Amino acid sequence: MILTTELPAHAGAIERLLDTAFGPKRKAKTVYRLRRGIAPVADLCMVALDDEAPGYSAAQPRLVASIRYWPVMAADGTMTLMLGPIAVAEDYRSAGLGGQLIRASLARAEALGYESVLLVGDAPYYNRFGFTRGPVLGLKLPGPVELDRFLGLEFVPGSLSKAQGMLGRAASRTVTPATATAAPATGDAGVAKLARPRRRAVR
Ligand SMILES: CC(C)(COP(=O)(O)OP(=O)(O)OC[C@H]1O[C@@H](n2cnc3c(N)ncnc32)[C@H](O)[C@@H]1OP(=O)(O)O)[C@@H](O)C(=O)NCCC(=O)NCCS
């Protein structure tokens, strides 16, 4: 199993994975209003590739998980990142892959100098990575959302909790942090070779 940076060639398999995980109406969700017409943050978008999956090979591995991030900006000008979507193929779930993708991409974001991340997702899952309601209490989303699913994480204390107002779209380059010191994690430097998760029966 390889965790690596998403490439353009992965786009088709990611769309199929997301359609299966979230259903065909996923793009009607409020969070998609913040993604429309905006490129994701390429350095933080990662995939898991299984080069030992039956019928696949090292040259043509199976794409079994994806995580993406978008830049967003609050009405007061605070720049942050929005995590999501993340999806793991059903027959690869509960083996730690989702957690590894989240931790690896958050580590990249912090190393690149980003100060915070927010998301809309299930708190019982995201709490374990440090996401809570506190940092986003001053923020609003541009559409209906269950508030207990709107969560944030600060790498720099206070960087998100001071933010106020409606979230809107932001061009990727505008949130590229001025303090970034790490090189973008691409190519071999961005590849982690992992033990293949133990398969579980589809639930
Ligand atoms: C959510 C998801 C990405 C997790 O991936 P994963 O590889 O199974 O995650 P991990 O193996 O790191 O963690 C699995 C654990 O999280 C739990 N978990 C998964 N989704 C959860 C949720 N929505 N709420 C609470 N717990 C959840 C599982 O029950 C499992 O617990 P266990 O280890 O006690 O069995 C995956 O289930 C998925 O793709 N789901 C469909 C798409 C989706 O809902 N994406 C997230 C949007 S909020």
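Predicted model only: the values in this text are computed from it and were never measured. Indexing begins at 1, ligand by ligand and atom by atom, following the structure's order.
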>> Check contact between Glu90 and ligand 1, using heavy atoms of the residue and a distance below 4.0 angstrom.
In response: no
> Can you tell which part of Arg128 has a heavy atom less than 4.0 Å from ligand 1: side chain, backbone, both or neither?
Replying inline: side chain
> Relative to the heavy atoms of Tyr126, which atoms of ligand 1 are at a distance of less than 4.0 Å?
Replying inline: 46 (C), 47 (C), 48 (S)
> Counting N and O atoms only, with roles assigned by atom type, does the side chain of Trp70 sit under 3.5 Å from a partner on the main chain of Ile38, one being a donor and the other an acceptor?
Replying inline: yes
>> List the residues meeting ring-ring contact (aromatic ring centres under 6.0 Å, His included) with Tyr125, not counting sequence neighbours, and say none if there are none.
In response: Phe129
>> Geometry only, no angles: is Tyr125 polar-contacting ligand 1 at N/O separations under 3.5 Å?
In response: yes
>> Ala21 versus ligand 1: do any nitrogen or oxygen atoms come within less than 3.5 Å of each other?
In response: no
>> Does any N or O of ligand 1 fall below 3.5 Å from an N or O anywhere on Ser94, backbone included?
In response: yes
> Does a side-chain heavy-atom distance below 4.5 Å link Ile86 with Leu119?
Replying inline: no
> Looking only at N/O atoms, are Phe22 and ligand 1 under 3.5 Å apart anywhere?
Replying inline: no
> Taking only heavy atoms of Gly96, which atoms of ligand 1 are found under 4.0 Å from at least one of them?
Replying inline: 10 (P), 11 (O), 12 (O)
> Any side-chain heavy atom of Pro135 within less than 4.5 Å of one from Leu153?
Replying inline: no
>> If you compare all heavy atoms of Gly158 against all heavy atoms of Ser161, which two are closest, and at what distance to 0.1 Å?
In response: CA-OG, 3.4 Å
> Hey, is ligand 1 close enough to Arg149 that some N/O pair sits below 3.5 Å?
Replying inline: no
> Side chains of Phe150 and Leu167: does their closest heavy-atom pair fall under 4.5 Å?
Replying inline: yes
> Which of the numbered atoms in ligand 1 are below 4.0 angstrom from a heavy atom of Gly121?
Replying inline: 48 (S)
> Hey, does Ile86 come in under 3.5 Å of ligand 1, counting only N/O atoms on both sides?
Replying inline: yes
> Under 3.5 Å, side chain of Arg35 to main-chain N/O of Gly84, donor-acceptor pair present?
Replying inline: yes
>> Under 4.0 Å from a heavy atom of Ala95: which atoms of ligand 1 are those, numbered in the order shown and with their elements?
In response: 11 (O)
>> Less than 4.5 Å apart, side chain to side chain, heavy atoms only: is that true for Met79 and Pro71?
In response: no
> Less than 3.5 Å between some nitrogen or oxygen of Val120 and one of ligand 1, yes or no?
Replying inline: no
>> Per the salt bridge (Lys or Arg N to Asp or Glu O under 4.0 Å) rule, what does the pair list look like for residues 6-20, sequence neighbours excluded?
In response: Glu6-Arg68, Glu15-Arg26, Glu15-Lys27, Glu15-Arg68, Asp19-Arg26
